[in-house]
Undergrad: 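One structure follows; several queries about it will come next.
We count residues from 1, following the sequence as given.
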Amino acid sequence: MEMNENAMNKMVENVQEFVNPLLNQAPKNQGLYDKRHEKDSCGVGFVAHIKGKKSHEIVSQGLTLLKNLTHRGATGYDPKLGDGAGLLMQMPDAFMRKEAAKLNITLPEAGQYAVGNLFMPQTKANQAKVEAVIASIIAEENQTLLGWRDVPVDNSNIADAARAVEPCMRQVIIGSKAADQNTFERKCFVIRKRIEHAVTALKLQDNAQFYVPSLSSRTIVYKGMLLANEVGVYYQDLVDESVVSALALVHQRFSTNTFPAWDLAHPFRMIAHNGEINTVQGNVNWMAARHETMKSAVIGEDLEKLWPLIAEGQSDSACFDNCLELLVAGGYSLPHAMMMLIPEAWSNNALMDEERRAFYEYHAALMEPWDGPAAVAFTDGQMIGATLDRNGLRPARYLVTDDDIVMMASEMGVLTFPQEKIIKKWRLQPGKMLLIDTVQGRIIDDGVVKTQISTAKPYKQWIAQSRYHLSDLPKVESTLQLTESLLDTQQAFGYTQEDLKFVLQPMIANGEEGAGSMGNDAALTVLSNKAKPLYNYFKQLFAQVTNPPIDPIREELVMSLVTFIGPKPNLLAIDETNPPVRLEASQPILTLEELEQLKNIGEATKGQYQSLVLDITYDAALGKAGMANAIASINQTAENAVRSGINVLILSDRAVATNRIAIPALLACSSLHEHLVKTGLRTSTGLVVDTGSAREVHHFALLAGYGAEAVCPWLTFKTIGNIAADAYLANKNFIKAIGKGLYKVMSKMGISTYQSYCGAQIFEAIGLNSAFIAQYFTGTVSQIEGIGLNEVAEETMRLHNLAFGNDPVLANALDAGGEYAFRVRGEEHMWTPESISKLQNATRTGKYETYKEYARLINDQTRRHMTLRGLFEIKPAKAAIALDQVESAKDIVKRFATGAMSLGSISTEAHATLAIAMNRIGGKSNTGEGGEDAKRFIPIAQDSTMAEVIGRDLIEADIALKAGDSMRSRIKQVASGRFGVTADYLASADQIQIKMAQGAKPGEGGQLPGHKVSPYIAKLRFSVPGVGLISPPPHHDIYSIEDLAQLIHDLKNANPKASISVKLVSETGIGADEFGFATAPLVVEGCIMMRKCHLNTCPVGVATQDPELRKKFTGQPEHVVNYFFFVAEEVRELMASMGIAKFDDLIGRADLLNMQAGIEHWKIQGLNFDKVFHQPDMPASVSRKNNDVQDHGLKNALDNQLVDLAKTALETGKKVVLDIPITNTNRTVGTMLSNQVATRYGNAGLPNNTITVNFTGTSGQSFAAFLAKGITFNLTGEGNDYVGKGLCGGRIVIKPPVAFRGVPHENIIIGNTVMYGATTGEAYFNGVAGERFCVRNSGASAVVEGVGNHGCEYMTGGTVVVLGTTGQNFAAGMSGGVAYVYDEDGMFAKRCNMSMVNLEHVIAAEADIGKIQHLNQPDEVTLKSLIENHADYTGSARAKALLADWQVSRAKFVKVMPNEYKRALTELAAAASKEAA
């Protein structure tokens, strides 16, 4: 889906007006809206006094910090309507005593009373009911109700919508009768949970929802549906000088698909969270499953009162907070509990010490990770700290002053301190923790706290004595004897010839899944006439804006397939001295022999494990009606077995035979998993699936997602044995391929571990009805209804009968399949030889009648059911009108755009032809992610040809051009690879499109094979010819919704005249006013759907860079023009029949669609599109289409001042030097200035140092983004994230202030993802950078004094010098350019990803003569000159020291040389030598 900027920001806002106040802002689930889709990201921070000294200044600083995070939050349709903000602080004892005295309440000593901040109902009657409940529960829990206090608020400036549902703010004060404060805190937790449950049971009808922001003797939370700057105004308590605290934790919320609500604001009781828990559904399910077996010596009988621990419908952050509260109440220390919930990546981390690894491995069996991008700040009122997810996907910086203040925030500059007082500037690192203990009065380093915790108990010893590893168990021989023939058995599980050819063969040959092209145009499973496996009804979900995907190949160190089979230990057994046994496997795909080991597990473990095989086949004579009873019987048998001590259940369908039908393994697995969860037994047993049905990655992912801890694909192994020469190697490759595939599937949802993925249900069902889902796949989304158990059983029966019947076609061979390519008698496809022929004939002859024949083939799905929209019929809005009354085709085609197909994926001829055609009709073509030749930006002044403009050596099939034509793509795409994205490229756009997700493979990224990277393609993409190019799954500057907002802001600065759109694959969807066409225009140009695009062998010259094949390209702009006018005419005819004259009047009118009546199809009849067609009940004043012009705040940008002051330099080239102060709210500085340079001078820019700006302070995000040649930025201070993003010729120098007392190479000076996508230019940073420095650098030079994880990832060109320590995974995916790293400790080789690079010495210049050289000069010359520049520009003491003892220093530098780059340089040198000869 492509969504323009206004639609994206307005889609929720427009809906706000139909919000029902009685439901506390959020409407009921309706249409495609579901509360479960709500997500948020945010700005978070805290300020604390290390020694625990309380002051009002800390509170004031917290509020100031919050205000300065405003740009990381969001507002709704009313600018006063914030997504939520708040502050958590220590109990202000003096203030509470003063206030209590006014109410004649005598407070006991501090720590012996608690204050509950309450969101109370608005009506007095409801308030009285709630107060009665609270009073009763306090008494029942043997504590003392001391009194009530009204919290003074000033709501004069909050939004009307917030005021309409504003709670009555009250405080309840409770006196302690507990033995000590810790016991009292636990009792407060119990009281709060009981109050929540009891008030929920009242089912009050009130505009405001009851909620307890905090109830504690240590902390208090003030929060609400407020803007960041309103928190301290609304809550008048916070301005009272007697409100003191040693810590203040603050949070500003930014939500997507979410209705703001008072209770959704952070902080929660213990945390403030910037990020998203991608596995939350599974985490919540597993917590519920632990209920029956959980015991706590600390909480005792009160434990039962806490359930349900996690209320339904809460946000992921609230769920996490509840779980953390339980762990801390149960006796874990706060940092211990956080290490359990958000563990470091331990299974593949070679640098982790054994004790810490043992700690994580031990706790892995206790608690699955709450996985996802997260920066979590946490406090219990005594300790305060923060931790980062294992992959470092959220920013978190901190500083320490000499007067014991620590400040942590999502960015620097939110609070200012005198530089001479700051002694440390650093960042949270992936998986690391910052912890301040205000009682002990010290900062506890990550290494110290984790060493203390991991060595507190003998975890390494416990692991050794309690762990059974599957690979270490006695080997058991396996002989699989099929009941029926292999062919019949394969057919019973739906195997086709394509499964062997396209699925299994690539996996067993190469150890990875096969690659394909041109997407999937086969019929949906619920529409297919063929019987299909149940797996096919489920679609994988994938990362949306708020939860980025992970690159499982380049960032494999954070991934893990480790699985635990068997019961889960008691989560709260903190006093454990004899740990329970655990059965561990390194990955979840079991061989036949390993399955036999599990069957005999009792013997191998001396009875500590006992397994039971449950047959999931049933008597065929019972037919489809027998399936329900068979499932119920399996569940009951399993339940009884678990209660009797069985702790490994194996579901097996090996008994399939003529007289035995196999229940779909996915159905049996999910049904049993859900049953055991509901009966409280799931954590008492392991669940393994032994099935003949699983053969592709999707199948294994589904079984995992619905509860399988391990899977044995017995029939796949039997099949491989039948087709492979070396069965052992083939099986090994198959398991490897499935493992890699699972990584990919998990990572596209931003999930790192199989353990977290297991049971997480990250799927949507397409074509399964609600009753079926509710019973067997509880919690899974299914929007369009569909078939139920009866039809699932019918489909299973059909497969069974085909397998064991007498169909002559299947007697000696598998079904042809036809899923992956068109086959006669195969699955139906949209693109058939007939439809392709009709369309090409129509557009080349200009015959509309022939086009209509093509259209009928596509549109008429009464016989060939293909797509959901093919089942829709259009309803008239009013009486039909004459065709000449309808908007003209000339106007309609302006709404059309071609898809984003890059130059590189398709040929120059095909790419430019689309641009010519779209410009002729006033539509838009799209560059795709491959950049674009600047020669195409210039309009054609006189009749010419493509070859004359672009170059005769670059065009193989010339195209005639007319005066007035243009080959400029009006849509310029910015994708994760950032190929060719420069200030000039962006300045040439009418629309800039952010490609959030690939349409064909969302969440996976993309790739361009090396054989398609010709010298021309390499030049446009700033890369090396012949070297494959990776489009990473994530944009490394979009890890959250606020990051996306920042990129939109960057691009708007880069081209203020362009609109910004976002290409994403939306779970929910909106109305459209523009339309993209991708496959059809390629077919018009000549594509015949050979699906060989990735092989570079396209026989019609469309999707190839092969010069000989490109000569066969026959497409013409006229053909494409014809196609779009044909489509427009067809639209006009439909509009006339509907009585609609203007296209605008169609937008958002889903009420004009209906499902076709009278479709006779046994699967289709259950479909229901009411949710899709649903129209929210909104007044006419609420727009259904884009009407507003968004204010990007550019008028307030600092660049306006820069452009004005640099006017002479821009116009005449006369040099100018400026001195400007800067703050963190000055974002994207230099980008509008660079747009002025690019607009005037193109990519050539201005002479060096034409415009020099000297800044002082802390820059906001994206400082010097897309900085053009001729501009020099010198910053004395520090930068935040995205410094130098897209640098294209400029120079950036950042150095610390003279007054700063820290050592630069030991302190951070710039944030994450610096110089992402830089193409040219240079940068010098006198300090350390965060994670992902120089990701996708493709030509710039940079010197820095240390970097975090993933440095130089995906780098394709340029030079990087690191004068200090690097993080892990340096050079992952690095295919070009060179890095020089000062390896002072000799450990760099362990921190470098060696999969694509080699490490070399930097030899003396004289010894380097005549060798293959980077930048055509010796390495020593390149390295030394850059260090000399660094010393000159920044005054770096580090650089000067290295230069002073150069011979010794040079010997410690390591050259990181990409293998592919070295090969390419060698080949280029050989070619040049040959040419010279």
Side-chain angles (χ1 to χ4, degrees), residues 282 285-286 288-294 534 563-569 580-581 583 585 588 590 595-602 605 607-619 622 626-656 660-694 702-712 714 758-759 761 772-779 789 792-793 796:
N285 288 348
W286 283 116
R290 290 182 173 97
H291 179 189
E292 295 297 325
T293 57
M294 194 182 294
L534 181 62
T563 183
F564 294 92
I565 303 168
K568 292 179 181 288
V581 293
L583 179 58
L590 305 181
L595 199 279
E596 291 303 312
Q597 287 177 313
L598 284 183
K599 289 179 181 178
N600 294 278
I601 194 73
T605 62
Q608 292 176 298
Y609 283 93
Q610 292 291 340
S611 63
L612 175 68
V613 177
L614 293 167
D615 181 12
I616 58 171
T617 69
Y618 69 97
D619 188 347
L622 298 173
M627 188 173 286
N629 288 337
I631 293 169
S633 175
I634 291 165
N635 290 349
Q636 191 57 56
T637 302
E639 179 184 337
N640 296 339
V642 176
R643 293 192 189 280
S644 68
I646 296 294
N647 53 16
V648 176
L649 295 173
I650 302 170
L651 297 176
S652 180
D653 53 23
R654 291 194 190 185
V656 67
R660 301 289 296 177
I661 296 176
I663 298 169
L666 177 61
L667 176 57
C669 174
S670 183
S671 174
L672 180 54
H673 175 72
E674 296 288 346
H675 179 78
L676 293 174
V677 167
K678 289 167 185 171
T679 54
L681 296 172
R682 182 62 184 89
T683 56
S684 299
T685 186
L687 183 55
V688 176
V689 177
D690 177 41
T691 180
S693 61
L702 274 161
L703 290 167
Y706 288 98
E709 287 148 20
V711 180
C712 177
W714 58 266
C758 184
Q761 301 181 331
F772 179 74
I773 290 292
Q775 182 163 0
Y776 299 112
F777 297 92
T778 313
L789 182 61
V792 169
T796 307

Undergrad: Report the C-alpha separation of Asp615 and Arg660 in whole Å, then their side-chain angles, then the decisive distance to 0.1 Å, and conclude whether the side-chain contact (heavy atoms from CB on, under 4.5 Å) test is met.
TA: CA-CA 10 Å; Asp615 181 12; Arg660 301 289 296 177; 3.1 Å; yes
Undergrad: Of the non-hydrogen atoms in Ile616 and Ala665, which two are nearest, and what is the gap between them?
TA: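 Taking Ile616 first and Ala665 second, the nearest heavy atoms are CD1-CA, 4.0 Å.
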Undergrad: Would you indicate whether the side-chain heavy atoms of Thr637 and Leu614 approach each other to under 4.5 Å?
TA: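 Heavy-atom side-chain distance check passes, below 4.5 Å.
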Undergrad: Measure the spacing between NZ of Lys599 and SG of Cys712 and express it to the nearest 0.5 Å.
TA: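 Separation between the atoms: 8.0 Å.
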Undergrad: So do Ser671 and Asn635 actually touch side chain to side chain, heavy atoms under 4.5 Å?
TA: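 Counting from C-beta outward, Asn635 and Ser671 do come under 4.5 Å.
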Undergrad: Evaluate the side-chain contact (heavy atoms from CB on, under 4.5 Å) criterion for residues Trp286 and Val677: first the C-alpha distance (whole Å), next the side-chain angles of each, then the deciding distance (0.1 Å), finally the verdict.
TA: CA-CA 8 Å; Trp286 283 116; Val677 167; 5.7 Å; no
Undergrad: Are Met627 and Thr796 packed together at the side-chain level, in the sense that at least one heavy-atom pair is separated by less than 4.5 angstrom?
TA: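 Heavy-atom side-chain distance check passes, below 4.5 Å.
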Undergrad: Is any side-chain heavy atom of Asn640 less than 4.5 Å from a side-chain heavy atom of Val642?
TA: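 No - every pair of side-chain heavy atoms lies 4.5 Å or more apart.
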Undergrad: Which value, rounded to the nearest 0.5 Å, describes the distance between Leu649 atom CG and Ile634 atom CD1?
TA: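 It is 11.0 Å, given to the nearest 0.5 Å.
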Undergrad: Closest heavy-atom contact between Pro588 and Thr563?
TA: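 Smallest heavy-atom distance, with atoms named: CA-CG2, 4.0 Å.
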Undergrad: Can you tell me how far the OG1 atom of Thr679 sits from the CD atom of Gln636, to the nearest 0.5 Å?
TA: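 It comes to 9.0 Å.
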Undergrad: With rounding to the nearest 0.5 angstrom, report the OG to CD1 distance, Ser670 to Ile631.
TA: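 Rounded to the nearest 0.5 Å, the OG-CD1 separation comes out at 10.0 Å.
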Undergrad: Output, in order, the C-alpha distance, side-chain angles, deciding distance and verdict of side-chain contact (heavy atoms from CB on, under 4.5 Å) for Thr778 and Ile773.
TA: CA-CA 6 Å; Thr778 313; Ile773 290 292; over 6 Å; no
Undergrad: For Phe777, enumerate each residue passing the ring pair (Phe, Tyr, Trp, His ring centres under 6.0 Å) test, keeping only those at least two apart in sequence or located in another chain.
TA: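 Once residues adjacent in sequence are excluded, the partners of Phe777 under the ring pair (Phe, Tyr, Trp, His ring centres under 6.0 Å) criterion are Phe538, Tyr706, Phe772.
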Undergrad: Return the set of residues passing salt bridge (charged side-chain N to carboxylate O under 4.0 Å, His left out) with Glu639 (not counting sequence neighbours), or none when no residue passes.
TA: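 Once residues adjacent in sequence are excluded, the partners of Glu639 under the salt bridge (charged side-chain N to carboxylate O under 4.0 Å, His left out) criterion are Arg643.
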Undergrad: Picking from Val689, Ile663, Val711, what satisfies side chain to side chain contact (heavy atoms under 4.5 Å, CB included) with Cys669?
TA: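 By the side chain to side chain contact (heavy atoms under 4.5 Å, CB included) criterion, Cys669 pairs with just one of Val689, Ile663, Val711: Val689.
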Undergrad: Taking side chain as C-beta onward, heavy atoms only, is Ile661 less than 4.5 Å from Thr617?
TA: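 Result no, sub-4.5 Å side-chain heavy-atom pair not found.
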Undergrad: How far apart are the C-alpha atoms of Leu598 and Val688, what are their side-chain angles, what is the distance that settles it, and do they pass the side-chain contact (heavy atoms from CB on, under 4.5 Å) test?
TA: CA-CA 9 Å; Leu598 284 183; Val688 176; 3.8 Å; yes
Undergrad: With a 4.5 Å heavy-atom cut-off, do Ser693 and Trp714 have their side chains touching?
TA: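 No. Closest side-chain heavy atoms not under 4.5 Å.
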Undergrad: Are the side chain of Glu674 and the backbone N or O of Tyr776 linked by a donor-acceptor pair below 3.5 Å?
TA: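 Flag not set: sc Glu674 to bb Tyr776 has no pair under 3.5 Å.
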Undergrad: Does Leu651 reach the side chain of Val613, with side-chain heavy atoms less than 4.5 Å apart?
TA: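 They are not in contact (no side-chain heavy atoms under 4.5 Å apart), so the answer is no.
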Undergrad: If every non-hydrogen atom of Gly566 is compared with every non-hydrogen atom of Tyr609, which pair is closest and at what distance?
TA: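 Closest approach of Gly566 to Tyr609, heavy atoms only: CA-CE2, 4.2 Å.
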Undergrad: Strictly distance-based, threshold 3.5 Å: is any side-chain N or O of Ser633 a donor or acceptor partner for the main-chain N or O of Asn629?
TA: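 Not confirmed, Ser633 side chain does not pair with Asn629 backbone.
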Undergrad: Mark yes or no for whether Thr605, through its side chain, and Ile601, through its backbone, hold a donor-acceptor pair below 3.5 Å.
TA: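 Here the side-chain-to-backbone pair exists.
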Undergrad: Ignoring hydrogens and geometry beyond distance, is a side-chain donor-acceptor pair present between Asp653 and Thr691 at under 3.5 Å?
TA: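 Judged by distance alone, the side chains do pair up.
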Undergrad: Heavy atoms only: give me the nearest Ala710-Ile565 pair and the separation to one decimal.
TA: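 Result for this residue pair: CB-CD1, 3.9 Å.
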Undergrad: Taking all non-hydrogen atoms of both residues into account, name the closest pair between Gly607 and Gln610 and its distance.
TA: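 Closest pair (atom of Gly607, atom of Gln610, distance): CA-NE2, 3.4 Å.
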Undergrad: Check each of Lys678, Gln761, Arg682 against His673 using the side chain to side chain donor-acceptor pair (under 3.5 Å) test, and report the only one that passes.
TA: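 Single side chain to side chain donor-acceptor pair (under 3.5 Å) partner of His673 among Lys678, Gln761, Arg682: Arg682.
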Undergrad: Evaluate the side-chain proximity of Cys758 to Glu709: yes if any heavy-atom separation is below 4.5 Å, no if none is.
TA: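 Touching, per the 4.5 Å side-chain cut-off.
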Undergrad: Enter the distance from Leu595:CG to Asn600:CG here, rounded to the nearest 0.5 Å.
TA: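 Leu595 CG to Asn600 CG: 10.0 Å, rounded to 0.5 Å.
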Undergrad: Taking atom types as modelled, is there a side-chain donor on Asn647 or Ser684 under 3.5 Å from an acceptor on the other?
TA: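 No, Ser684 and Asn647 have no side-chain donor paired with an acceptor closer than 3.5 Å.
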Undergrad: If I take atom CG from residue Leu590 and atom CD from residue Glu596, how far apart are they, to the nearest 0.5 angstrom?
TA: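 If we round to the nearest 0.5 Å, Leu590:CG and Glu596:CD are 11.0 Å apart.
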